[in-house]
Each structure stands twice: as C-alpha cells, then as structure tokens.
Undergrad: 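Can you keep this structure in mind? I'll have questions shortly.
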2 protein chains.
Amino acid sequence: MTIMIGLEAVIVAVTEGIPRILSVRHTDHALSPPEHRPLAQPESPDALPFGPLDPTADCTLDQALRGWVSEQTGLPLGYVEQLYTFGDPYRDPRQREGGPRVISVAYLALTRECAPAREQNAVWRDCYTFLPWEDWREGRPEILGSLIEPALQQWLQTISDPQRQRRQHERVDICFGFSGSSWDPERVLERYQILYEAALVPEAWPEQPHSAPTAASPGRPMALDHRRILATALGRLRGKLKYRPVVFELLPDTFSLSQLQEVVEALSGVRLHKQNFRRLVEKGGLVEESGETTFSTGGRPAKLFHFRREVLRERPAPGLRLPGRN
Amino acid sequence: MTIMIGLEAVIVAVTEGIPRILSVRHTDHALSPPEHRPLAQPESPDALPFGPLDPTADCTLDQALRGWVSEQTGLPLGYVEQLYTFGDPYRDPRQREGGPRVISVAYLALTRECAPAREQNAVWRDCYTFLPWEDWREGRPEILGSLIEPALQQWLQTISDPQRQRRQHERVDICFGFSGSSWDPERVLERYQILYEAALVPEAWPEQPHSAPTAASPGRPMALDHRRILATALGRLRGKLKYRPVVFELLPDTFSLSQLQEVVEALSGVRLHKQNFRRLVEKGGLVEESGETTFSTGGRPAKLFHFRREVLRERPAPGLRLPGRN
DNA sequence: CAGCTTATGCTTAAATGGAGTATAACTGTT
DNA sequence: AACAGTTATACTCCATTTAAGCATAAGCTG
C-alpha cells in the first residue's frame, strides 16, 4: 500500500470581531466517493485547503505548505505552526477502497489580510459556524443547554459499565463545564472529541457524513476529519495567545487597544475586563504608543499602538495572561 | 519516489534524580551509509528507538507506536503525546542516494519503570549527556561560559549583514540568557537550533556527523536529527509540567513531596524553593496524603502522598506553576 | 447643550509568589 | 544520653499581581 502525505492548513484571520478560517468547497465532490455524495444537498461540505506533498520536489514540509498556499490563495502567511499529524485510515472513506494511505500533516497559519482568496471556491467562514459552543462572548451559548447537555446526558446513560460511565461523566463535566466545573477555553479538541465519540456530529456517522446541521447536530459539519483539525487549531491558538505574542500577526501594524482586545476576545471566545486588559498589555510592555490616534471608534478617540518587539528579550513568555486560569 | 513513515519515540523516565531517555545503539551501523561510518570509533551513535509504520496493518499512528515500543522494550508506556513531524529530506543521508523519502513522526512517552529494556542494544541515558547546557540544577552549566558563549559570539561575528547580525545576536541572547536575559527552561529546541545553525554540533557537519564530543562540540551527539527530536521533547515536557499533571506519570503511585520535587527539578533543570513547592502542591490540591510515611530519606520521615485525580475537575490547568515565568 | 459612546486613569481588596524562620523527627556519633 | 547532622514540615512576612469597580476624559449626535 502506498503512502501519500497531505498538508492541510487552518488559515485564520480576524475581521470585524469574527475569527475566520479559509474554507474551500469542492464543487466536483472530489473528496467524496460517489456513495457518499449527498442526494438532497447540492453543496459539497466545507473543507480545509489541502495540498499534497511532492516527495521529490518539496524540500521541507513547511516550505511545501507555504508554497501551495501562496500559489493557490496568494495570502501572505505570517505565523505558521505545525499542529498535528493525523494518520487514522478511516479519516478518508476512499482508503477503505484500496486507495493510498493518506497521512495528513495539519498546520495553523495566521494572516492579517482577509482578501478574497484567489481560488474561486475559497471563502472565509466564521470559526464558530463549525464550533458554535466555543463562543462564550455573549454568555453561555444557547446550544449547550438546549442540545449538547441533554444529548450528552443521554449518551452517558447508554454506557453500561458503571466504572466507565463514571469516568466518562467526569470527563464530560470537566470539558463542557457541567455540574459546576469551570469552562476552559483551551479544551476545544477534547470537547469535539467527546461530541464525536457520542456520535453527535455527522462526521461520526459513516452513512451520511455531510448532511446539513440539524437540530440534533451542533455546528456545521466539515469534510472528513477537518472539523477535528479546526478544533485542534483553535485550542492551540487559544493556548498560544497566553504566552506568545501571536495576536499581533492578526492585527495591522498599528491598532487601538480595543481592536487588540476584540481580536483576543474573538479567538478566546470570552469577554475580558477592559481596564484590566489595558493595564496588562501596557504594563506588560507588549505595546508602545505610535503617537497617532483614531477617530473611527465612535466615542473618545483611541490612541494607536504597535507591537513592541523588545518584549521578546525582556520576558520569557510574553503573552496575554488571560484571566480565569487557576 | 516512495514515502516511508517512521515513528520515533523519546521515552522518558526519571530515576535517582536523573531524567533518562531510552537510547539504542545499532551495532551494525544500519542507520549510517558506509562512507559515514566512523573509522576510529567502533561505537555507533546513540539513536532514538524507531519503528516504521506499516500502512496496511497499523490502524492509527499512536497504536502503531505503542505496538512496537511494547514489543521491542516491554515497557509500560503511560502518557504518550505526539511531538512533531519531521520531513526534511536531508535529515537522513540515505535519502540523497535515491532511498525513500522518510517522514518521521516523533512521540514523547513517559514511563515509570526503568527496567532494562528487552532489546539488548537499548540503554537508559541521562538526557543531559546530550544537552548539558540545559541542566541548571547545580548553577549555570560550566559549558555555557567556557564553550558555548564564546563560540556563539564568534559565529555572530561571521554574519556580514548588520541587520541580520543584530537580529541573530538578540535571538542568541534571549535563548541562552546572555547579556542579562533570563534563562527560560522551555526554549530547549530554540537553543539546539541555534547551536545547529552555528554548526557547533556535529549533526550539522555533513562529513562526520557522529564524532565523539570534543572540546569544540557541546554534548554527546545523536544519530540523524535525533538530538533535535530530544530537544523538542524536553522543551515540550518542561512546558507541560506547568499546566498538566504529567509528573505523576513518572512517579510511583505513592511518593514523598521531596521525591516529587526531585523529579520536577530533574526535568525542568532548575532548583526550586522547597517550602514553596510544598505549599504549591498541597494547596493546589494536586496530592493527598496516603497516610503512610517513609523512613528512607535519612532525616525526619516523610509523609507519602498520591495524586489526587479530582483536581482535574476543579482546576482548568492543574500543573505545577513553576516560578520564573514573567 | 444634554445624552450617548468609547477611551483611559486610578483605587482597593483579595490572592499569589518569593523568601525566610522555626520546629519536628529521624539517623548516627561520642 | 546528649550531640550534631539531615530531612520534613509548619508558619510568617512582604512585595507584587490580579480582579473588580469607580471616575473622568473626549469624541459623537441631535
């Protein structure tokens, strides 16, 4: 059996307070074998941009990724980070039919621009379309109480081994913040994994993996295991915010503190105390005033800032130290 | 060109205050092409245990890894985590000669036991044999001042572009804690990467990559890019200590707080304030008394503790919150 | 101008973190 | 048995940080 290496990218940009990822729709259903093509649904599922590794030509994985991304989308990628390598053969139905074994190396990439991608089928989509339970900016997402919690409770009831049931119950509580547990924004992947195991997401249904989101399925599905990759990316990014100045890769060179806060809130999915956020960022030496001000905010004009590179030298882990940890 | 997937494991155990990894020596020089076999040196280099992925039989990457590790070593792996996927074709000299392209998926695995590995060529080795500059438990490692700092200064002088030189100088200072920068135990990989770029490690010398450590080369080299993988593993593990209770995977079920501290110090490479460490661990709810005491410590008998699983539910990031951050 | 919005500065109480002192309980020595 | 040496454990102190809120500044609209 031959092996193929695929490179998949979660390309993130934040505009208008919405964290967006680049999604491609394959109109020819290239990714789905015939029997999996939805009948009643003309649209193919959202998928992450994908490029194969050419083992002869491509020098390093990172270079290969940057290569085809810039070729296909023309986007200027700033920060690029390898996320995870997925090797489960069942992630792609084609492999059951004697196709090559596809190993996917997933990447997280940040970009400032939100320019329309060069490839016609690419669109920017709100992350939280796919993971609506992750957005707590307007309070606890409604879908958690209305759909996810009861469905998971029901799933837990189906576990016969009491020992195992107790364990899983605890795990669900911890990850989703049920029964008094606190919400940890970073556990994105663990939460998706639970929904997958409980078969609450269509990706876990082998028959019709790409049906439209129904009342019984939280969030819009994606092709193959792409929603899992997205969850990995969001979790990683949320964690990284705290100890590396990656937000600035998503902002213009000069920005107001409110803009900065808006982006952080968009990614972390929680609201932050404005005054403390200011103090944190300013006293932490992460930014310095550019001297200009902007009047585009509606109220009092805001000072503009830019990222202070020197902080990298001064502090071992220059990040945003969001509240709520421990 | 065909592709091969290799799985490499950094298997870590801590005994007698020494963080050890499992290393294999290939007596038949299987990993080195003839022209790279050292002439004056009968021993082959240390290498990480390695197993190929069978694309037909192996179901998931994780399972494949656990499979061959337990088969070859009989070690009970506890915590297993995927580290990184390395795809640089130059990492293996054989690839220049038309061999298959090898993509390596590296894993970090923790184990309690330090039993002699089943495979005859496997030995446990002190991590800091390979990365001596990472061990600050007895103060600043001598090798930093005597060898690394001057050699890096010399390397920086060879950079002609002043802009680039300034950047690299800053980077070196930040990573190695020169010029008043603080030492960040987590930047293990970045430090190795600098040594590699500055050609201070034999792995960067294409001619004789496995020569013995000389006065001009800090630390014992490893085969191929294995020292880079080790650096990745150590950095990741040091980071993880802070927000996940992974240390307990390395300890027996019941342990004294001094034992716990010893393991943490061994891995993080720094000494900790004993009383504060106690407070942290106890007040953090990470452990609870088992009721027993041990007399094996020399002085006053120590209470024994065990890991308190409930902490996973109570706190979002139950780790050890080591000092020195920010 | 009033009334709204957003930005920014400042205060306070509680929690945390880093360092030290003191005491307890064992070992082995004289 | 008194002793020093060793390790464990308890408690104190103070500076810093954090979370939360109050207050003021400076634009906009009508």
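The sequence lines fix the lettering, A, B, ..., with proteins before strands; numbering per chain opens at 1.
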Undergrad: Can you measure Glu292(B) atom CD to dA8(D) atom P for me and round it to whole angstrom units?
TA: 16 Å
Undergrad: Determine whether Gln193(B) and Arg228(B) make a side-chain contact, defined as any pair of heavy atoms from C-beta on separated by less than 4.5 Å.
TA: yes
Undergrad: Which whole-number value in Å describes the distance from Lys283(B) NZ to dC11(D) P?
TA: 13 Å
Undergrad: Given the ring of Trp183(A), does Arg191(A) sit roughly above its face, with NZ or CZ under 6.0 Å from the centre of the six-membered ring and within 45° of the axis?
TA: yes
Undergrad: Mapping Asn276(B) and Phe295(B) to their closest nucleotides on DNA chain C, which lands nearer the 5' end?
TA: Asn276(B)
Undergrad: Decide yes or no, distance alone: a donor-acceptor N/O pair under 3.5 angstrom between the base of dG5(D) and the side-chain of Arg300(B).
TA: no
Undergrad: To the nearest Å, give me how far apart CZ (Arg278(A)) and C1' (dC10(C)) are.
TA: 12 Å
Undergrad: Among the candidates dG9(C), dT9(D), dA7(C), find the nucleotide nearest to the side-chain atoms of Ala302(A).
TA: dA7(C)
Undergrad: Mind calculating the distance between CD (Gln259(B)) and P (dA8(D)) to the nearest angstrom?
TA: 10 Å
Undergrad: Please state how far atom CZ in Phe277(B) lies from atom C1' in dC11(D), giving the value in whole angstrom units.
TA: 19 Å
Undergrad: Give the rounded distance in Å between these two atoms: CD of Glu289(A) and P of dA7(C).
TA: 14 Å
Undergrad: Using atom CG of Leu280(B) as one end and atom P of dT9(D) as the other, report the distance to the nearest whole Å.
TA: 16 Å
Undergrad: Let me know which of Arg236(B), Arg238(B), Lys242(B) forms a side-chain hydrogen bond (donor to acceptor under 3.5 Å, both in side chains) with Glu186(B).
TA: Lys242(B)
Undergrad: Establish, with yes or no, whether the OP1 or OP2 oxygen of dA7(C) is under 4.0 angstrom from a side-chain nitrogen or oxygen of Lys303(A).
TA: no
Undergrad: Please give, in whole Å, the distance from dA8(D) P to Phe305(B) CZ?
TA: 11 Å
Undergrad: Determine whether a donor-acceptor pair (N or O, by modelled atom type, separation under 3.5 Å) exists between the side chain of Glu134(B) and the backbone of Gly269(B).
TA: no
Undergrad: Between Gln275(A) and Leu257(B), just flag the one whose closest nucleotide in DNA chain D comes earlier from the 5' side.
TA: Leu257(B)
Undergrad: Determine whether a donor-acceptor pair (N or O, by modelled atom type, separation under 3.5 Å) exists between the side chain of Gln82(A) and the backbone of Tyr84(B).
TA: no
Undergrad: Looking at dA10(D), does its base get a donor-acceptor pair with the side chain of Arg279(B) below 3.5 Å?
TA: no
Undergrad: Which part of the nucleic acid, if any, lies within contact of Ser258(A), taking any heavy atom under 4.0 Å across all strands shown: a base, the sugar-phosphate backbone alone, or nothing?
TA: sugar-phosphate
